[in-house]
Amino acid sequence: MNSFFRKILGLGPVEPMNVPKRYKSTVIQNREELKGSINESSIFPLLISERTNEIDFDNDLIRLFHGREGMFGRILITSVVDSGEEKDMFHIKSAKMDQPTFDYICDIASKNLDNRQLQPWKFWNPSDSKFEFQILSADVSVFTSERILSKTHMLEAHKILKSESLVVSIPRRGLIFVCKKGLETQFFNEFVAVHAAALMDNKVDMDILCEDLFIVENGEVTATLPAHNLSEALFNCYK
């Protein structure tokens, strides 16, 4: 993607910063082992596609976040331990983990994300851009896309955009775009074009996350807008 479109998409440098290529793993079997080996305040959720290049799915701690028939790659939620240094990012894997431990880790990760101080929301299309509506985003980094999982951070987006309903795009890991729901057709089509362009640029070194769009109300995902045409295009592009 040339510099013009990178600027329009707000993608920043060609090589994104603070996006781990692959995570190390730590294996947990039960809650007592978890308490003895991991600082629970450092556990966070991570969104990944089944087509990720970052994580090996053998005995992983995962839950389905979004999927439908014909999708290019379903989205899963896994858990990682973040000590604040990329080299110390560990992916939590299961070794016959019991269900209470699984649920406990997921609950801890969700609460920690709500309480984590993330890079501030920002408008990536300034008032003098070609767009006549506002798109909210954030700098490319670890846990940028994961904002969609946090009611706390999405409620802040509602407040900034002054809208009870939002449309959210998380096309690739480390990206998020948000606009008001109910835009005029022309403006909504422009938002979808931004989403599609981020997905279809196969020169971007960031895993594809999701071709569908999400409706967020009261800080939580309430519905999706399936993008079947984008799914078909992605299958054709990445054969």
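Remember, it's a predicted structure, so these values are computed and weren't measured experimentally. No hydrogens, no waters, no symmetry mates; every other heavy atom, side chains included, goes into these values.
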Once you round to the nearest 0.5 Å, how far does [atom1] of [X] lie from [atom2] of [Y]?
X: T152; Y: L113; atom1: OG1; atom2: CG; value: 8.5 Å
X: I170; Y: E146; atom1: CD1; atom2: CD; value: 8.0 Å
X: S25; Y: H91; atom1: OG; atom2: NE2; value: 6.0 Å
X: T78; Y: I105; atom1: OG1; atom2: CD1; value: 9.5 Å
X: L166; Y: E164; atom1: CG; atom2: CD; value: 10.0 Å
X: S145; Y: I48; atom1: OG; atom2: CD1; value: 12.5 Å

- prompt: Residues in salt bridge (Lys or Arg N to Asp or Glu O under 4.0 Å) with D98, at least two apart?
  reply: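 D98 satisfies salt bridge (Lys or Arg N to Asp or Glu O under 4.0 Å) with no residue once adjacent residues are dropped.
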
message: Per the salt bridge (Lys or Arg N to Asp or Glu O under 4.0 Å) rule, what does the pair list look like for residues 101-110, sequence neighbours excluded?
response: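 Listed once each, the pairs are R63-D103, D107-K111.
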
- prompt: What pairs of residues pass the salt bridge (Lys or Arg N to Asp or Glu O under 4.0 Å) test when at least one of them lies in residues 206-215, not counting sequence neighbours?
  reply: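 Checked against salt bridge (Lys or Arg N to Asp or Glu O under 4.0 Å) - neighbours excluded - the pairs reaching residues 206-215 are R68-D212.
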
Could you report the tightest heavy-atom contact between [X] and [Y], atom names first, then the distance?
X: F102; Y: I62; answer: CZ-O, 3.2 Å
X: H153; Y: D114; answer: NE2-O, 3.8 Å
X: I77; Y: L149; answer: CD1-CD2, 3.9 Å
X: L209; Y: S49; answer: CD1-N, 3.9 Å
X: S110; Y: P45; answer: N-CD, 4.4 Å

- request: Take F177 and L136 through the side-chain contact (heavy atoms from CB on, under 4.5 Å) test and state the conclusion after the steps.
  value: CA-CA 6 Å; F177 301 112; L136 204 59; over 6 Å; no

Check: [Y] main-chain N/O paired with [X] side-chain donor or acceptor under 3.5 Å:
X: S169; Y: I176; value: no
X: R172; Y: L199; value: yes
X: R147; Y: M154; value: no
X: H158; Y: G219; value: yes

For [X], which residues count as a side chain to side chain contact (heavy atoms under 4.5 Å, CB included) partner, sequence neighbours excluded?
X: T224; result: H66, F214, P226
X: E50; result: R74, L76
X: N115; result: none

Report yes if the side chains of [X] and [Y] come closer than 4.5 Å at any heavy-atom pair, otherwise no.
X: F90; Y: D82; value: no
X: F235; Y: E232; value: no
X: I55; Y: L46; value: yes
X: N218; Y: L155; value: yes
X: Y104; Y: E40; value: yes
X: I160; Y: V178; value: no
X: F72; Y: L230; value: no
X: I38; Y: I92; value: yes

- request: Start with the C-alpha distance between M71 and C210, add both sets of side-chain angles, then the distance that settles side-chain contact (heavy atoms from CB on, under 4.5 Å), and finish with yes or no.
  value: CA-CA 8 Å; M71 277 192 73; C210 188; 3.9 Å; yes

query: So if you build clusters from Ile, Leu, Val, Met, Phe, Trp, Tyr with side-chain heavy-atom gaps below 4.5 Å, do F187 and L213 land together?
result: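 Same hydrophobic cluster.
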
message: Could you walk me through whether V221 and I215 satisfy the side-chain contact (heavy atoms from CB on, under 4.5 Å) test, starting with their C-alpha distance in whole Å, then the side-chain angles of each, then the deciding distance to 0.1 Å, before giving a yes or no?
response: CA-CA 6 Å; V221 174; I215 304 300; over 6 Å; no

query: Is the number of heavy atoms from other residues, nucleotides or ligands under 6.0 Å of E184 CD greater than 12?
result: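 No - once you tally the heavy atoms of other residues, nucleotides and ligands closer than 6.0 Å, there are 12 at most.
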
query: Are D139 and K122 close enough for a salt bridge, meaning some N to O gap below 4.0 Å?
result: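 Looking at D139 and K122, the cut-off is met.
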
message: Quick check with a 6.0 Å cut-off and a 45 degree axis cone: is R116 positioned over the face of F44's six-membered ring?
response: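 Judged by the rule (NZ or CZ under 6.0 Å from the ring centre, within 45° of its axis), R116 counts as positioned above F44.
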
Residues L161, W121; criterion side-chain contact (heavy atoms from CB on, under 4.5 Å); working and verdict: CA-CA 11 Å; L161 286 173; W121 289 104; over 6 Å; no

